[in-house]
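Working notes for the structure below.
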Amino acid sequence: MRTSKDTEQMVREQYTTTTPGTSLERPKNEYVYKIGIYGWRKRCLYLFVLLLLIILVVNFSLTIWILKVMWFSPTGMGHLRVTKEGLRLEGESEFLFPLYAKEIHSRVDSSLLLQSTHNVTVNARNSNGEVTGRLNVGPKMVEFHGQQFQINSKDGKPLFTVDENEVVIGTDKLRVTGPEGALFEHSVETPLVKAEAFKQLRLESPTRSLSMDAPRGINIKAQAGNIEALSQMDIKLHSSDGVLLLDAETVRLPKLPEGTRGGSGVSQGLYEICVCPDGKLYLSVAGVGSTCQEYSRVCQ
C-alpha cells in the first residue's frame, strides 16, 4: 500500500524526466541499507561450512574403508553369498548370537563342522515358541531332551529308538566288543545269544541266580567245544510239559553217591542209577533185580 510521500516522490521523478532543459537535482537518499552478512557472523558461517565439509569427507572415507574391510560386493559380504537357494558361507564363520535357519548343509565334497569352546546346543521349537527337542553336545557328555530319540540308516530303517517306555535296536546283529561283556540289571528278551567265532560265550550272575525261560524250549548248542553249567547252589532243569532228554553217546555222572548194597553177589563193576522220592540220584550195586531202596541212607 503506497503512501502520499511515495506518490509525491514518483510524481517528481516523472516530472524531472519528462521536462527537458531543466536542471533540477535529484534528492539524495536519506538512508542506506547494506544487504549481506558481515563481521563475526560471516566468519562463523564459513567455519560451520568448513566443519560440514570435513565431516562429509570423513564419513565418505569411513564408508569406503568399511566397504573394503567387510568385502562388500553385489552378491554378498565377505564369505557370505546370496544365492537363489539361500545364503552360502565359505570357510570358517563365527556366530555371536543365536542362528535361526530352516536347513543347514555343507558342500558336496566336505563335511559340516559345528564347533564351540563350551557346548553346541540345537533346539527345536513349536509354533508357540516352546522347546520340544534339545540336543546338547558338551565336552564330556551328549544330552538329548525330547519325547523320542531315533537313529535311522541311509535307507530310512530305524536302527536305534529310545522313548519313555522302551529301547528298540533294529539292527540284524548287536555286537558287544568290550572285554567285560554286557551288563543287564533286569531281564533281557532276545531270540539268540551268540559269541564271536573262536570266542567263548559266558552267561554269568555273580551274586544272584540266572534264569532262562522260553515258551516252547531252550536250545543250547556248542558246535566246537563244551557246555559247562556251574552253580554254587543247585542247577534245576525243569520242563512243565514233556520229558528231560539226555541224548548223547556217553552220559557221565562222576560224583553220584553210592547207596547201601541191596543184595549179595558179585557186581562185576555194574551199578544202577536210583532216584529218591525228592528227585535225588544215587548209585546202587546192580543185581539180578532192582537194588534201589526207597528208604536208602542217601535219600534221608
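Just so you know, these numbers come straight off a predicted model, no measurement behind them.
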According to salt bridge (charged side-chain N to carboxylate O under 4.0 Å, His left out), who are the partners of R41, at least two apart in sequence or on a separate chain?
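Not a single residue meets the salt bridge (charged side-chain N to carboxylate O under 4.0 Å, His left out) criterion with R41.
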Please list all pairs passing the ring pair (Phe, Tyr, Trp, His ring centres under 6.0 Å) test where one or both residues lie in residues 201-231, with sequence neighbours left out.
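As it turns out, there is no ring pair (Phe, Tyr, Trp, His ring centres under 6.0 Å) pair with a partner in residues 201-231 once direct neighbours are skipped.
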Is the closest side-chain heavy-atom distance between C44 and W40 below 4.5 Å?
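Result yes, sub-4.5 Å side-chain heavy-atom pair found.
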Counting C-beta onward and ignoring hydrogens, is there a side-chain heavy-atom pair between D213 and S211 closer than 4.5 Å?
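Yes, side chains in contact.
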Cluster question for you: counting only ILVMFWY and a side-chain heavy-atom cut-off of under 4.5 Å, with indirect links fine, are I104 and L135 together?
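No, no single cluster joins them.
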Consider only side-chain heavy atoms of I, L, V, M, F, W and Y, link residues closer than 4.5 Å, and tell whether V142 and F144 are in one cluster.
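Yes.
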Of the non-hydrogen atoms in [X] and [Y], which two are nearest, and what is the gap between them?
{"X": "T121", "Y": "N136", "answer": "OG1-OD1, 3.4 Å"}
{"X": "A222", "Y": "N226", "answer": "CB-O, 4.2 Å"}
{"X": "C292", "Y": "E272", "answer": "SG-OE2, 3.5 Å"}
{"X": "R125", "Y": "V131", "answer": "NH1-CG2, 3.3 Å"}

What donor-acceptor contacts under 3.5 angstrom involve side-chain atoms of residues 45-57, with partners at least two apart or in another chain?
none

Kindly compute the distance separating [atom1] ([X]) from [atom2] ([Y]), expressed to the nearest 0.5 Å.
{"X": "Y282", "Y": "L256", "atom1": "OH", "atom2": "CG", "answer": "11.5 Å"}
{"X": "N123", "Y": "H145", "atom1": "CG", "atom2": "NE2", "answer": "10.0 Å"}
{"X": "C274", "Y": "L281", "atom1": "SG", "atom2": "CG", "answer": "9.0 Å"}

Pairs under 3.5 angstrom only: tabulate donor-acceptor contacts from the side chains of residues 157-176 to other protein residues two or more places apart or in another chain.
| unit_1 | atom_1 | unit_2 | atom_2 | d |
| --- | --- | --- | --- | --- |
| D163 | OD1 | N165 | N | 3.1 |
| D163 | OD1 | E166 | N | 2.8 |
| T171 | OG1 | K173 | O | 3.3 |
| R175 | NH1 | E196 | OE2 | 3.0 |

Go through the structure and list residues passing side-chain contact (heavy atoms from CB on, under 4.5 Å) with [X], not counting sequence neighbours.
{"X": "M212", "value": "L203, I218, I220"}
{"X": "S110", "value": "S106, R107"}
{"X": "S231", "value": "M233, I235"}
{"X": "T63", "value": "L67"}

Return the set of residues passing side chain to side chain donor-acceptor pair (under 3.5 Å) with [X] (not counting sequence neighbours), or none when no residue passes.
{"X": "S153", "answer": "D155"}
{"X": "N119", "answer": "none"}
{"X": "N128", "answer": "none"}
{"X": "R43", "answer": "none"}

How about E204: does its CD atom have over 12 heavy atoms from other parts shown lying under 6.0 Å from it?
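Check passes, neighbour count above 12.
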State whether the number of non-hydrogen atoms from other residues, nucleotides or ligands found under 6.0 Å of Q148 atom CD is greater than 12.
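Atom CD in Q148 is crowded, with more than 12 foreign heavy atoms closer than 6.0 Å.
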